[in-house]
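Report on the structure given below.
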Amino acid sequence: MAAGFDPSGRLPAVFTTPGTSSFTEFLSLAAPDLLPGRRPLPVGASADVSPHATTIVALTTADGVVMAGDRRATMGNLIASRDIEKVFAADAYSLVGIAGTAGVGIELMRLFQVELEHYEKIEGAMLSLHGKANRLATMIRNNLGAALQGLAVIPLFAGFDVDAEDPAHAGRIFSFDIAGGVYEEKGFDAIGSGSLFAKSALKKRYRDGVSLDEGVRLAMEALYDAADEDTATGGPDLTRRIFPVVMTATAEGSRRLTDDEAAAVAEEVVRGRMENPGG
């Protein structure tokens, strides 16, 4: 039961008093035990008790941003899931992907979605893209205690900046550290165990102002290269028909590629690698 609930059935004052536009701050007053970083953990490291999500890539295009994530989750040297989803729409114009402890990351992502929706309802306006990144950084900072015990989660945030002066450069990407530091990235970025290989692939192929379709292809190729070198990253599974989750955020809003669209791009990448395995 949330702190301060009246057994008579009346709502406590925290629900009826005009308050903050931050849902996370409200929850810290009404039911702090529901926040991921506020739960007590046993002494010692806890990294092995939950599946881990791996590689996410994001890049800016002439129309906005592309974000893609592989579908594999691991526990040590075992595959815990072959079809986990790690990339989501944060709101109408932004995307968030998670790497690290899968359960904490998914919960944090859902809380972030509610945070943005709550702010918009209370204030009657949407947070700026940088403001959204700062809200997410605060939530990551609040999970620091659990992160130091092994339950770390690192997001990648990207979106279309509706306030940008130049629509051709409205796509922006933000990365984070476990202490809540937030950093704007230029062009592209990746997180997770395969990020080193994904970023190396993008370094050779990415150029400023690529089209949205080119960006989708580059993201898929980067994930393929990451899976080729990193056992924790899953490549396109043609047998099970499991393909990376690919999403875009443009002036028209956020959108997830359909399974058929993602499959078509993935199969094209695989056919190309059959002829030239090195890319």
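Just so you know, these numbers use all the heavy atoms, side chains as well, and skip hydrogens, waters and symmetry mates.
Cluster partners of Phe160 are Tyr93, Met126, Val162, counting Ile, Leu, Val, Met, Phe, Trp and Tyr whose side-chain heavy atoms approach within less than 4.5 Å, directly or via other members.
A continuous path of ILVMFWY side-chain contacts below 4.5 Å connects Leu257 to Leu59, so both sit in one hydrophobic cluster. Note on Ile191: it clusters hydrophobically with Val245, by side-chain heavy-atom contacts below 4.5 Å among ILVMFWY residues. Linking ILVMFWY side-chain heavy atoms closer than 4.5 Å, directly or via other members, places Val57 and Val65 in two distinct hydrophobic clusters. Linking ILVMFWY side-chain heavy atoms closer than 4.5 Å, directly or via other members, places Phe88 and Val153 in a single hydrophobic cluster. Hydrophobic clustering (ILVMFWY, side-chain heavy atoms < 4.5 Å, transitive): Val96 and Leu129 are in one cluster.
With Asp63 as the partner, the side chain to side chain contact (heavy atoms under 4.5 Å, CB included) test is satisfied by one option alone out of Val210, Thr248, Asp213, Leu212: Leu212.
Expressed to the nearest 0.5 Å, how far NZ of Lys132 lies from CZ of Phe174 amounts to 10.0 Å. Rounding to the nearest 0.5 angstrom, the gap separating the CG atom in Leu144 from the CD atom in Gln149 is 10.5 Å. Atom-to-atom distance recorded for Ile154:CD1 and Thr101:OG1 is 10.0 Å, nearest 0.5 angstrom. To the nearest 0.5 Å, atoms CD1 (Ile242) and CD1 (Ile84) are separated by 12.0 Å. Expressed to the nearest 0.5 Å, how far CG of Leu223 lies from CG of Asp70 amounts to 6.5 Å. How far CZ of Arg135 is from CG of Leu111: 11.5 Å, rounded to the nearest 0.5 Å.
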Worksheet entry | Step-by-step salt bridge (charged side-chain N to carboxylate O under 4.0 Å, His left out) determination, Glu214 to Arg205 | CA-CA 10 Å; Glu214 288 177 303; Arg205 302 289 305 279; over 6 Å; no

Fill in: Verdict with reasoning, Thr55 to Arg72, per side chain to side chain contact (heavy atoms under 4.5 Å, CB included)
CA-CA 9 Å; Thr55 311; Arg72 179 174 292 177; over 6 Å; no

Practice prompt. Begin from the C-alpha positions of Leu127 and Glu120 and carry the test side chain to side chain contact (heavy atoms under 4.5 Å, CB included) through to its verdict.
Written response: CA-CA 7 Å; Leu127 265 172; Glu120 191 169 344; over 6 Å; no

Item to complete: Report the C-alpha separation of Val270 and Tyr224 in whole Å, then their side-chain angles, then the decisive distance to 0.1 Å, and conclude whether the side chain to side chain contact (heavy atoms under 4.5 Å, CB included) test is met.
Response: CA-CA 8 Å; Val270 171; Tyr224 185 101; 4.1 Å; yes

Discussion item. Quick one, Asp163 with Ser128, criterion side chain to side chain donor-acceptor pair (under 3.5 Å). Give me CA distance, side-chain angles, the key distance, then yes/no.
Written reply: CA-CA 8 Å; Asp163 299 319; Ser128 68; 5.7 Å; no

Fill in: Test log, rule side chain to side chain contact (heavy atoms under 4.5 Å, CB included), inputs Arg82 and Arg71
CA-CA 6 Å; Arg82 300 180 188 276; Arg71 304 291 294 275; over 6 Å; no

Item to complete: For Arg241 and Glu267, run salt bridge (charged side-chain N to carboxylate O under 4.0 Å, His left out): C-alpha distance rounded to whole Å, both residues' side-chain angles, the deciding distance at 0.1 Å, then the answer.
Response: CA-CA 10 Å; Arg241 308 299 296 171; Glu267 289 170 347; 2.7 Å; yes

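With hydrogens and angles left out, the side-chain atoms of Ser193 and Asp230 include a donor and acceptor closer than 3.5 Å. Looking at Thr61 and Tyr206, their side chains never bring a donor and an acceptor atom within 3.5 Å of each other. Side-chain polar atoms of Ser200 and Asp225 form no donor-acceptor pair below 3.5 angstrom.
With a 6.0 Å radius and a threshold of 12 heavy atoms from other residues, nucleotides or ligands, Glu165 has its CD atom at or below the threshold. The neighbour count for Asn134 CG, taken as heavy atoms of other residues, nucleotides or ligands under 6.0 Å away, is above 12. By the 6.0 Å contact criterion, CD on Glu117 is open, its count of non-hydrogen atoms from other residues, nucleotides or ligands being 12 or less.
Smallest separation of non-hydrogen atoms from Asp91 and Ser254: O-OG, 3.1 Å. Taking both residues in full, the closest heavy atoms of Gly209 and Ala62 are given as O-CB, 3.8 Å, listed atom of the first, atom of the second, then distance. Between Phe176 and Ala137 the shortest heavy-atom distance is CE2-N, 3.8 Å. Considering all non-hydrogen atoms of both residues, Ala53 and Lys86 come closest at CB-CD, 3.7 Å. Shortest non-hydrogen contact noted between Leu156 and Ala190 is CD2-CA, 4.4 Å. Residue Met220 comes nearest to Ala262 through the heavy atom pair CE-O, 3.6 Å, listed as atom of the first residue, atom of the second, then distance.
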Using a 3.5 Å cut-off and no angle test, enumerate the donor-acceptor pairs between side-chain atoms of residues 179-189 and protein atoms at least two apart in sequence or in another chain.
| from | atom 1 | to | atom 2 | distance (Å) |
| --- | --- | --- | --- | --- |
| Tyr183 | OH | Asp177 | OD2 | 2.4 |
| Glu184 | OE1 | Arg172 | NH2 | 2.9 |
| Glu184 | OE2 | Arg172 | NE | 2.9 |
| Glu185 | OE2 | Ser175 | OG | 2.5 |

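When ring centroids are compared, Phe112 and Phe157 come within the 6.0 Å threshold.
Between Arg271 and Glu275 no salt bridge is recorded (no basic side-chain N to carboxylate O distance below 4.0 Å). The existence of a salt bridge linking Arg256 and Glu261 is excluded, since no basic side-chain nitrogen approaches an acidic carboxylate oxygen closer than 4.0 Å. Ion pair Arg273/Glu268 not flagged as a salt bridge, since none of the NZ, NE, NH1 or NH2 atoms sits closer than 4.0 Å to an Asp/Glu carboxylate oxygen.
Side-chain contact between Pro155 and Leu136 is present, with at least one heavy-atom pair separated by less than 4.5 Å. Within the 4.5 Å cutoff, the side chain of His169 has no heavy atoms near those of the Asp161 side chain.
Side-chain atoms of Gln113 come within 3.5 Å of backbone N or O of Ala89 as a donor-acceptor pair.
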